[in-house]
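Worksheet for the structure shown next.
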Amino acid sequence: MAVTIKSEHEIALMRVACRNLSEMFDELEKMVKPGISTWEINKKGEEMIRDYGCTSNFKNYGGYPAAICISVNEVVVHGIPSKSIILKEGDIVSLDAGMIWKGYHSDAARTYAVGKISPEKQKLIDVTRQSFFEGIRYAKAGNHLHDISAAIQKYAESFGFGVVRDMVGHGIGSHLHEDPQIPNYRDPGMGRGILLRPGMTLAIEPMITMGTYEGEILSDGWTYVTKDRKPAAHYENTILITDGDPEILTLPDWKPEH
């Protein structure tokens with residue numbers, strides 16, 4: 001699949017899917033408290049997606065059973081919601097979700113504190129989020145894709161954190177996963193990547209760990225955890241490349257700092 005340039009009509013449809021997703025995260029964040037199950041959060045998310053008149057793009061994708069990937073502590077991504085997984089004080093939890101509006105996709109992720117968390121876990125959440133913003137400084141027409149990757153890696157590793165290699169960001173549009181793949185690190189052998197052009201829509205998603213960047217998939221075939229079982233955080237937005245600063249479609253009120 002070649003990297004696609006979206007038309008104004010396609011971008012308008014993606015804006016709806018992305019704005020709805022941003023609003024959904026605002027609501028789900030309010031539910032993140034000690035004592036709630038990840039199943040309850042997923043149930044609310046599914047209801048909201050339906051209420052928007054949208055479709056979940058995660059549920060049944062490759063057999064994944066839920067609308068929201070909910071990943072607690074050492075789970076990096078693709079945690080499966082369950083009535084038996086109860087959030088407790090001091091946990092961190094990542095929510096990753098998307099929805100489809102008239103054939104066009106959105107995708108975003110956030111990591112939240114459950115009650116009062118350690119300063120180390122808060123630092124991990126903050127650095128993961130900021131690494132996204134460090135990366136998208138380079139998300140401009142005329143730059144190259146791996147300029148984004150290198151900036152994410154440089155920032156996260158400057159705090160001694162690990163940058164996950166096995167999971168990457170991606171293009172997005174009429175499919176949830178489109179070309180190009182977008183690593184959060186820069187391998188010298190990778191080159192600078194494709195030239196960024198206006199109309200490209202990308203899901204940039206740093207996945208950062210407190211220890212090793214290595215991970216493994218558990219026996220359920222989905223849950224991806226850090227190999228050393230140290231905590232991980234995830235922050236993702238769907239963005240639009242323009243002639244100037246990028247537009248963060250899943251943060252519709254964001255304004256770049258200059």
Side-chain angles (χ1 to χ4, degrees), residues 21 25 32 38 58 61-62 64 66 68-81 91-98 106-114 117 120-136 138-139 145-172 176-177 180-187 190 193 202-218 220-239 248 250-251:
L21 185 60
F25 274 117
V32 174
T38 58
F58 282 24
Y61 184 87
Y64 184 78
I68 321 282
C69 293
I70 306 182
S71 304
V72 183
N73 293 331
E74 74 274 9
V75 182
V76 183
V77 285
H78 305 158
I80 298 173
D91 286 342
I92 62 174
V93 60
S94 301
L95 309 184
D96 183 6
S106 59
D107 189 5
R110 309 279 184 261
T111 300
Y112 300 119
V114 182
I117 62 172
E120 294 80 13
K121 283 183 172 178
Q122 187 62 55
K123 185 79 168 177
L124 177 66
I125 292 174
D126 294 344
V127 168
T128 301
R129 183 180 188 277
Q130 187 58 32
S131 72
F132 166 87
F133 289 101
E134 296 296 321
I136 67 160
Y138 298 89
L145 184 69
H146 294 159
D147 298 342
I148 300 172
S149 309
I152 290 170
Q153 179 182 24
K154 181 180 178 184
Y155 185 78
E157 289 184 349
S158 75
F159 292 90
F161 292 141
V163 179
V164 170
R165 307 289 200 269
D166 293 342
M167 305 287 175
V168 297
H170 50 91
I172 184 170
L176 175 57
H177 293 119
Q181 290 199 338
I182 309 168
N184 296 302
Y185 65 97
R186 173 85 177 274
D187 185 309
M190 286 167 31
L202 309 172
I204 311 288
E205 51 177 319
M207 289 156 272
I208 309 299
T209 68
M210 208 178 274
T212 180
Y213 65 75
E214 295 181 297
E216 58 192 8
I217 297 174
L218 299 184
D220 61 20
W222 282 104
T223 306
Y224 181 79
V225 300
T226 55
K227 197 160 262 187
D228 58 10
R229 301 303 193 265
K230 289 186 177 176
H234 185 196
Y235 188 80
E236 175 184 19
N237 284 299
T238 298
I239 72 165
I248 307 181
T250 45
L251 278 182

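In this structure, the side chains of Thr111 and Leu124 stay at 4.5 Å or more apart for every pair of heavy atoms. No side-chain heavy atom of Ser131 sits under 4.5 Å from any side-chain heavy atom of Tyr235. At least one side-chain heavy atom of Phe161 sits less than 4.5 Å from a side-chain heavy atom of Lys123. For the pair Pro183/Arg165, no side-chain contact is recorded, criterion being any heavy-atom separation below 4.5 Å from C-beta on. Met167 is listed as a side-chain neighbour of His78, based on a closest heavy-atom distance under 4.5 Å. Inter-residue side-chain proximity for Phe25 and Leu251 is flagged as unmet; no heavy-atom pair is nearer than 4.5 Å. Within the 4.5 Å cutoff, no side-chain heavy atoms of Met210 are placed close to those of Glu74. At a threshold of 4.5 Å between non-hydrogen side-chain atoms, the residues Val72 and Thr38 count as touching.
The backbone N or O of Lys230 sits less than 3.5 Å from a side-chain atom of Asp228, completing a donor-acceptor pair. Ser71 places a side-chain N or O within 3.5 Å of a backbone atom of Gly79 that can act as its donor or acceptor partner. Not one N or O on the side chain of Arg129 forms a donor-acceptor pair closer than 3.5 Å with the backbone of His234. For Gln153 (side chain) and Arg186 (main-chain N/O), a donor-acceptor pair under 3.5 Å exists by modelled atom type. Side-chain atoms of Asn184 come within 3.5 Å of backbone N or O of Glu205 as a donor-acceptor pair.
For the atom pair OG1 of Thr238 and CG of Asp107, the computed distance is 5.5 Å after rounding to the nearest 0.5 Å. Here the CD1 atom belonging to Ile182 is positioned 7.5 Å from the NE2 atom belonging to His170, to the nearest 0.5 angstrom. Put simply, OH on Tyr213 and CD1 on Ile208 are 13.0 Å apart, with the number rounded to the nearest 0.5 Å. Between the CD1 atom of Ile239 and the CD1 atom of Ile172 there is a distance of 11.5 Å, given to the nearest 0.5 Å. In this structure, CD1 on Ile68 lies 8.0 Å from CZ on Phe58, to the nearest 0.5 angstrom.
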* **Derivation and outcome, side-chain contact (heavy atoms from CB on, under 4.5 Å), residues Glu236 and Met207** => CA-CA 9 Å; Glu236 175 184 19; Met207 289 156 272; over 6 Å; no
* To do: Evaluate the criterion side-chain contact (heavy atoms from CB on, under 4.5 Å) for residue pair Val77 and Val164; output intermediate values, then yes/no.
  => CA-CA 11 Å; Val77 285; Val164 170; over 6 Å; no
* To do: Run the numbers on Met190 and Tyr185 for side-chain contact (heavy atoms from CB on, under 4.5 Å), then give the verdict.
  => CA-CA 10 Å; Met190 286 167 31; Tyr185 65 97; 4.1 Å; yes
* Going through the checks in order, is the side-chain contact (heavy atoms from CB on, under 4.5 Å) test met by His177 and Tyr61? -> CA-CA 11 Å; His177 293 119; Tyr61 184 87; 2.7 Å; yes
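Using a 4.0 Å cut-off between a side-chain N of Lys or Arg and a carboxylate O of Asp or Glu, Glu216 and Arg229 qualify as a salt bridge.
Tyr138 OH: 12 or fewer foreign heavy atoms inside a 6.0 Å radius. Within a 6.0 Å radius of CD in Gln122, more than 12 heavy atoms belonging to other residues, nucleotides or ligands are found.
Across Asp96 and Ala108, no two heavy atoms sit closer than the pair OD1-O, 3.0 Å. The two residues Tyr112 and Ile125 come nearest to each other via the heavy atoms C-CD1, 4.0 Å. Nearest heavy atom pair, residue Val76 against residue Val225, reads CG2-C, 4.1 Å. The heavy-atom pair separating Leu21 from Thr250 by the smallest distance is CD2-CG2, 4.0 Å. Considering all non-hydrogen atoms of both residues, Ala232 and Ile92 come closest at O-CD1, 3.4 Å. Summarising the geometry of Val127 relative to Tyr155, their closest heavy-atom pair is O-CE2, 3.7 Å, with the distance given to 0.1 Å.
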